[in-house]
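Just below is one structure, and these are the notes that go with it.
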There are 4 protein chains.
Amino acid sequence: MISDDQKQKLTEKQKGILSAATELFAEKGYAATSTSEIAKKAGVAEGTIFRHYKTKKELLISVVSPVMVKFLAPVIKRDLNKVLGQEFETFQDFIRAMIENRIEFVKKNLSLIRIVIQELPFHSDLKKQFMEHIGIDVFNQFRQIVKHYQDKGQIIEMYPDTIIRVMGSSIFSYIMARYVFIPEADWNDEEEIERILFILTNGISTNKE
Amino acid sequence: MISDDQKQKLTEKQKGILSAATELFAEKGYAATSTSEIAKKAGVAEGTIFRHYKTKKELLISVVSPVMVKFLAPVIKRDLNKVLGQEFETFQDFIRAMIENRIEFVKKNLSLIRIVIQELPFHSDLKKQFMEHIGIDVFNQFRQIVKHYQDKGQIIEMYPDTIIRVMGSSIFSYIMARYVFIPEADWNDEEEIERILFILTNGISTNKE
Amino acid sequence: MISDDQKQKLTEKQKGILSAATELFAEKGYAATSTSEIAKKAGVAEGTIFRHYKTKKELLISVVSPVMVKFLAPVIKRDLNKVLGQEFETFQDFIRAMIENRIEFVKKNLSLIRIVIQELPFHSDLKKQFMEHIGIDVFNQFRQIVKHYQDKGQIIEMYPDTIIRVMGSSIFSYIMARYVFIPEADWNDEEEIERILFILTNGISTNKE
Amino acid sequence: MISDDQKQKLTEKQKGILSAATELFAEKGYAATSTSEIAKKAGVAEGTIFRHYKTKKELLISVVSPVMVKFLAPVIKRDLNKVLGQEFETFQDFIRAMIENRIEFVKKNLSLIRIVIQELPFHSDLKKQFMEHIGIDVFNQFRQIVKHYQDKGQIIEMYPDTIIRVMGSSIFSYIMARYVFIPEADWNDEEEIERILFILTNGISTNKE
DNA sequence: AATGAATGAGTGTTCATTCAT
DNA sequence: TATGAATGAACACTCATTCAT
C-alpha cells in the first residue's frame, strides 16, 4: 500500500500500477514478478505500464524511491529542528518518540519496506543513491544528536558511530522482526520497547560501580 | 565458496555446480540467475544440472540448507556442551568467544549467507523449515545460557527473550554490516566488538546508581 | 524532403508528417519505422497521423505515389509534346537532355526514390498500380520515340524494347549507383554520362566495318 | 531455396530454419517477417531458432552471406584462372559465357538474391562487408579482364570502370528484370542476350565510320 | 482538428526442463 | 553418467490503432 500523498499527481491507472507492483514485488520479489501479473492485478493493459514507466526497473525505482526518502526523512537536516525543537528532556525520551514515530510509518508501508530491504543489495545504483544521498545525511544528524546529549552529560563518552550503530540496529531489528519478518507472533510493543531502552541505557550487567 | 566437508560425497561436477550456483545466487539473486549461466560457470552441460537436482529450486535448497544448519550449529543442543563445557567465567567472555567464532564462519561463507538472507523471505517452505527446526532450538539454547548467567548473578533479571533479541540483533547487525553489506568500509573488528560488548553490558547511560 | 507543390493543399501538420515519414522510411525501411517515431519527428501527437491517414500503409502510399508519377511524368503522353516538341536533332541529344533532367529530379527526391525502390517489391498493390498505370504508358512513349529516331535513320533496326531496356538500365543504374547507393564516392557526372552515351551509340567493339 | 552444398554441415532443423527464413525474407522482407512465422514454417519451436542463431539479425546474415560470396565467386581472384584459363577467343564469348553461368546461379537462388538486394541498403554492416571484401576484389578482377581484351585490341581504349559499369548494369538489370522483378512476363533468354551483347559491342548508332 | 492515454496482439528473446544419444 | 539439441511457455517491451476529451 502506498500512502495517499505520494500519489497526488498520478492518474488512477498509475496509482493502480504502483499499488499492484508494490504488493507483488513485496510478495515475490522484483525478479520473480512479471509485468503481465502487475498489469492484471492493476486492471490495466500491459502496454499501459510501459507508457508510464519506460522499463520494469524504472517502475521499481518509482515504487521504492519515495519510501527510502520518507523512512529517514524525520532525521534529515531540514526536519531536524522539528525533532530537536521539541527538546526532549532525556535521550531516552527522544529515542522513545522516534521509535513510536517510525513504527507508525512502518505499519503504513510494510510492503514497500520489504521491497527496499530485499532489492537494495541487487541494484547497485539504488544502493549508491541511498547511501550517498540519504545514509550519510542521516548518520551525520544522529552524530549531532548523540553529541547533544553527550554534552548534556546523559550519554557516555564513546565514539558516537558505535553508539548509533548498536542502538540503531537494536531498534531497527526489533521493528523488522516485529512487523516484517515475524508479524504473526504475539508482540507487546510498549513493553518490548521499554525493555530495549532499558538495556540500551543500563546494559545487561548487574554490577554497576 | 563451500567448505570442503560439505562436499565430501559429491562428484567433481556436483561440487562445481554448487559452487557456481552459490556465487551466482549471491551476486544476482536466485530468480535473476539462469540455470544456463550456472552450467556455463560450472563447466558442465545444461542437462547435467537437472540430473543432480530435479529443479532449480532443489538446487537452491541444496545450496542453502547446509549453511543454515552450520551457522547456528554451535548453539544447537548436541553442541551445547562443547560451548558451556568450556565454562566461560563471565557472560561477556562467552559472548566474545561466540562472536569471534561466528565471524570466522561468516568470512568463510559470505556468499551463502547472503543467499540465505535474501531468499528466505520469498520461500515460505525454506523459512518454515528454518524457523521450526533450527530457530526454535537455537532460541531455547540461548534461553538456557542466559538463565545460566542470570543464576550466576551476572545478568539482570529480565525476560530472557528480550535480552537475547537485543544482544543478538546488535551482534548480528554488526556482522552483517561489516562483512555482507558494507565490506568495503574500513573496520577495526576488535575495537568495535569491545565497544558493542561494553554498551550491552553497561548501557549508554552515565548515571549508574 | 518533398517538393513544395506536392504539398499545396496540405496543412502544416500533414506536411510535417509526410516529410518525417519520407525521411524515416528512406532511412530504415517502411516496416522498421514506427508511427510513433514519425509522430515524434513530425512534432505531432500519435493520434494525429491516423486522423489524416487511416493506416500506416495509406501513409506509405501517400508518400510514394506522387514521386512515382513525377519521376516518369516527362515521358507520359500529356507531357510528350513538350519533350519531342523541342525536337532534338539527334537521339543522343534527346537522351542527354533527359538524363540531365532526371538527375535534377533524383537529386531533389533522393529519399522518396529510395523508398519506392525498396518497398515496391513487397507491396503488390503498389507494384500493380505502378506497372499498369505508369510503366506501360512510359514504355509505349519510349517505343514511339525510338521508332521516331529509327525512322530518321539514326538508330539500328532492332526490337525497340531491347534498345529501351539496355539504354534505360544503363542510365538508371548509373543514376542509382551515383545518387542512391554509393553517393559518398567521387563522381564526375558530365564525363561519365558522355562515356555512357558513347558506349551506347558506338558500342565497345573496335572493329567497325 | 538454398543450394545443397551450402548446407552440408547443418542439421536438418537448421536447414529447415534457413530455408523458411530465406523464403519469408524474400517474400515479405526482413523486418516484416517474424521469428514465430519462421519457426512455424520450419516446423520447429521458436526457441530452436535462437539456439542456432543468437539474434534474428544473425539469421539474416547466415542466410545472406553465402549468396553474396557465391554470386561473385567466379570473378574473385582465386577463381580467375578457371575463368580466363578457358581463354575465350573474344570478349563477347567471355561475356556470353559469364552471363549464362550467372543466370543459372540466379535461377537457383532467386529468393536469396531478392533478399540481398532488398536488405543491403538497410544494414550498413552487411553493406560494408560486401563492398570491402567482395565488391572491390570483383571490380579489380574485371579491370584486369577488360585490360586483357583491350590489349588484344578487341575493346576500345576507354576508362575500364565505365565500361564495366555500363556492361555490368545492362546485364545485371536484364537478369533482375527477367528473373526477379517481372518473372511472369514472356522472355526469350537467348535472343535477348544476343541483342544486349550486340548493342554493347556495336552500339545503337547506325553511322559507323 | 488535435491530442495522448489506453489497448492487446505481437515482437524478439530467454527460460527451466526434457530426452535421445 | 553426461550431453546439448529441442521445446514452448513466459518474458519485457513495442506496435498500430482507437477514442474520450
Name all residues meeting the salt bridge (Lys or Arg N to Asp or Glu O under 4.0 Å) criterion together with C/Lys41; count only those two or more places apart in sequence or in a different chain, and write none if there are none. C/Glu23
Rounded to whole Å, NZ of B/Lys28 lies from C1' of E/dT14 at a distance of 12 Å
Taking all atoms of both residues into account, what is the closest heavy-atom pair of B/Ala20 and B/Ile38, and its distance? CB-O, 3.7 Å
Residues passing the ring pair (Phe, Tyr, Trp, His ring centres under 6.0 Å) test with D/Tyr30, sequence neighbours excluded, are D/Phe25, D/His123
Tell me, please, which residues at least two apart from A/Thr33 pass side chain to side chain donor-acceptor pair (under 3.5 Å). none
Roughly how many Å is it from CD1 in C/Ile38 to C1' in E/dT3, rounded to a whole number? 17 Å
Of all pairs that satisfy salt bridge (Lys or Arg N to Asp or Glu O under 4.0 Å), the ones with a partner from residues 57-69 of chain D, not counting sequence neighbours: D/Lys57-D/Asp125
Residues two or more places apart in sequence or in another chain: which of them pass salt bridge (Lys or Arg N to Asp or Glu O under 4.0 Å) with A/Lys28? A/Glu37
At under 4.0 Å between heavy atoms, which parts of nucleotides 11-18 of chain F does protein reach? Answer with one letter per nucleotide, 5' to 3': B base, S sugar-phosphate only, - none. SBBBSBBB
Tell me whether the side-chain N/O atoms of B/His52 come closer than 4.0 Å to OP1 or OP2 in F/dT1. no
Can you list the stems that include DNA chain F, where a stem is three or more consecutive Watson-Crick or G-U pairs with distances under 3.5 Å? E:2-21 with F:2-21
Sort and list the pairs that fulfil ring-ring contact (aromatic ring centres under 6.0 Å, His included) and have at least one residue in residues 39-67 of chain C, not counting sequence neighbours. none
Tell me, please, which residues at least two apart from C/Arg51 pass salt bridge (Lys or Arg N to Asp or Glu O under 4.0 Å). none
